[in-house]
Amino acid sequence: LLHEMKLLLPKLRVAGFDISKHGLAYAKEEIKDDLFLHRAEGPFPYKDKEFDLVISLGCVHNLRVFELETALKEIERVGCQGYVMVESYRSEQEQFNLQCWALTCESFFDNEEWPWIFEHFGYTGDYEFIYFE
């Protein structure tokens, strides 16, 4: 998808980080040089509103609640817009499935608690939940 986006938008800048050396080593060649090792719960090495869009996919559930505050505020700070996809649950069965699947998950919040967290920490971007039915 990024390759196609760069064809459509030749000046598109892609930048990102991951906590996983393994993940970075196996990143797609088209973006590998634009990625680096960094923790989402620390300050992001970017200027205020440096990006039009900041995307976080399946990351913030791995942070403890006090680390969520930093990460969400940093997403808000460095991006004009934000999009966060996070694992959540709507029932006890989905919570159980999430707990079995997400071994590194630190923040187990349901689909009503996450919006409160986002608002409480000042995140105003878009978000979406995935569920394990």
Side-chain angles (χ1 to χ4, degrees):
L1 180 61
L2 283 172
H3 178 70
E4 289 81 5
M5 289 174 64
K6 283 189 171 192
L7 288 174
L8 291 170
L9 304 165
K11 294 183 180 181
L12 178 69
R13 175 181 170 217
V14 176
F17 57 83
D18 198 305
I19 191 174
S20 168
K21 290 179 184 177
H22 176 80
L24 292 171
Y26 289 93
K28 291 202 165 253
E29 289 301 322
E30 298 90 9
I31 62 166
K32 195 177 240 185
D33 291 341
D34 301 313
L35 305 176
F36 60 95
L37 189 66
H38 188 73
R39 300 176 65 84
E41 62 270 34
F44 295 4
Y46 302 114
K47 296 180 281 187
D48 293 358
K49 304 302 179 202
E50 186 167 340
F51 298 98
D52 293 330
L53 177 63
V54 175
I55 299 172
S56 173
L57 302 176
C59 172
V60 297
H61 74 275
N62 291 314
L63 305 176
R64 295 171 289 182
V65 70
F66 56 88
E67 296 167 329
L68 278 171
E69 181 174 17
T70 301
L72 292 170
K73 286 183 176 182
E74 284 295 281
I75 291 169
E76 187 78 16
R77 180 185 68 79
V78 303
C80 296
Q81 296 287 326
Y83 172 79
V84 173
M85 183 277 292
V86 66
E87 291 81 352
S88 187
Y89 60 91
R90 301 165 291 196
S91 66
E92 285 183 31
Q93 182 63 53
E94 287 180 356
Q95 181 182 24
F96 174 79
N97 294 345
L98 173 59
Q99 290 170 325
C100 290
W101 178 84
L103 299 178
T104 60
C105 187
E106 293 286 346
S107 293
F108 291 96
F109 298 117
D110 69 26
N111 62 324
E112 294 177 349
E113 293 168 318
W114 275 114
W116 185 91
I117 292 281
F118 294 144
E119 183 177 339
H120 185 72
F121 292 148
Y123 175 72
T124 62
D126 292 326
Y127 57 87
E128 181 176 17
F129 305 124
I130 62 169
Y131 305 105
F132 298 91
E133 294 180 332

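If you're wondering where the values come from, they're calculated on a predicted model, not measured in any experiment.
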Legend entry - Residues Val84, Phe118; criterion side chain to side chain contact (heavy atoms under 4.5 Å, CB included); working and verdict: CA-CA 10 Å; Val84 173; Phe118 294 144; 4.3 Å; yes

Legend entry - Nearest heavy-atom neighbours spanning Gly79 and Lys49: O-NZ, 3.0 Å

Legend entry - Gly23 versus Ser20, closest heavy-atom pair with distance: N-OG, 2.8 Å

Inset, instruction - Give a yes or no on whether Phe108 and Trp116 share a hydrophobic cluster (residues Ile, Leu, Val, Met, Phe, Trp, Tyr; joining criterion: side-chain heavy atoms under 4.5 Å apart). - result: no

Legend entry - CD on Glu69 to CZ on Phe121, rounded to 0.5 Å: 4.5 Å

Legend entry - Distance, nearest 0.5 Å, that separates SG of Cys80 from CG of Leu53: 9.5 Å

Inset, instruction - Measure the CG-NZ distance between Asp34 and Lys28 for me, rounded to the nearest 0.5 Å. - result: 14.5 Å

Would you list the atom pairs, donor with acceptor, under 3.5 Å between side chains in residues 125-133 and any protein atom, with sequence neighbours excluded?
residue : atom : partner : partner atom : Å
Glu128  : OE1  : Tyr83   : OH           : 2.2
Glu133  : OE2  : Arg90   : NH2          : 3.0

Inset, instruction - State, yes or no, whether a side-chain contact exists between Phe109 and Val65 at a heavy-atom distance under 4.5 Å. - result: yes

Inset, instruction - Using ring pair (Phe, Tyr, Trp, His ring centres under 6.0 Å) as the criterion, list what pairs up with Phe66, not counting sequence neighbours. - result: none

Legend entry - Heavy-atom side-chain proximity of Leu37 to Leu24 below 4.5 angstrom: yes

Legend entry - Note, Trp114 side chain near Leu68 side chain (heavy atom, < 4.5 Å): yes

Inset, instruction - For His38 and Pro43, indicate whether the former's side chain and the latter's backbone hold a donor-acceptor pair under 3.5 Å. - result: yes

Legend entry - Atom pair CD1 (Ile75) and OG1 (Thr124), whose distance is rounded to the nearest 0.5 Å: 11.0 Å

Legend entry - Same cluster (ILVMFWY, side-chain, under 4.5 Å), Phe51 and Phe36: yes

Inset, instruction - Taking the side chain as every heavy atom from C-beta outward, state whether Gln95 and Asp110 have any atom pair closer than 4.5 Å. - result: no

Inset, instruction - Given side chain to side chain contact (heavy atoms under 4.5 Å, CB included), test Ile117 with Leu72 step by step and report yes or no. - result: CA-CA 9 Å; Ile117 292 281; Leu72 292 170; 4.1 Å; yes

Legend entry - Joint cluster assignment, Val86 & Tyr123, ILVMFWY side-chain distance < 4.5 Å: yes

Legend entry - Glu94, CD atom: more than 12 neighbouring heavy atoms under 6.0 Å: yes

Legend entry - Heavy-atom pair with the smallest gap, counting every atom of Ala71 and Leu63: CB-CD1, 3.5 Å

Inset, instruction - Can you establish whether the number of heavy atoms outside Asp48 located under 6.0 Å from its atom CG is more than 12? - result: yes

Legend entry - Closest heavy-atom pair and its distance - Lys32, Ala27: CE-O, 3.7 Å

Inset, instruction - Just say parallel, tilted or perpendicular for the rings of Phe44 and Phe17, cut-offs at 30° and 60°. - result: perpendicular

Inset, instruction - Give a yes or no on whether a salt bridge exists between Arg77 and Glu74, defined as a side-chain N under 4.0 angstrom from a carboxylate O. - result: yes

Inset, instruction - For Tyr46, check side-chain hydrogen bond (donor to acceptor under 3.5 Å, both in side chains) against everything at least two apart and list the hits. - result: none

Legend entry - Distance-only polar pair, side chains of Ser88 and Asn111, donor-acceptor under 3.5 Å: no

Legend entry - Point-to-point distance, once rounded to the nearest 0.5 Å, from CG of Leu98 to CZ of Phe96: 11.0 Å

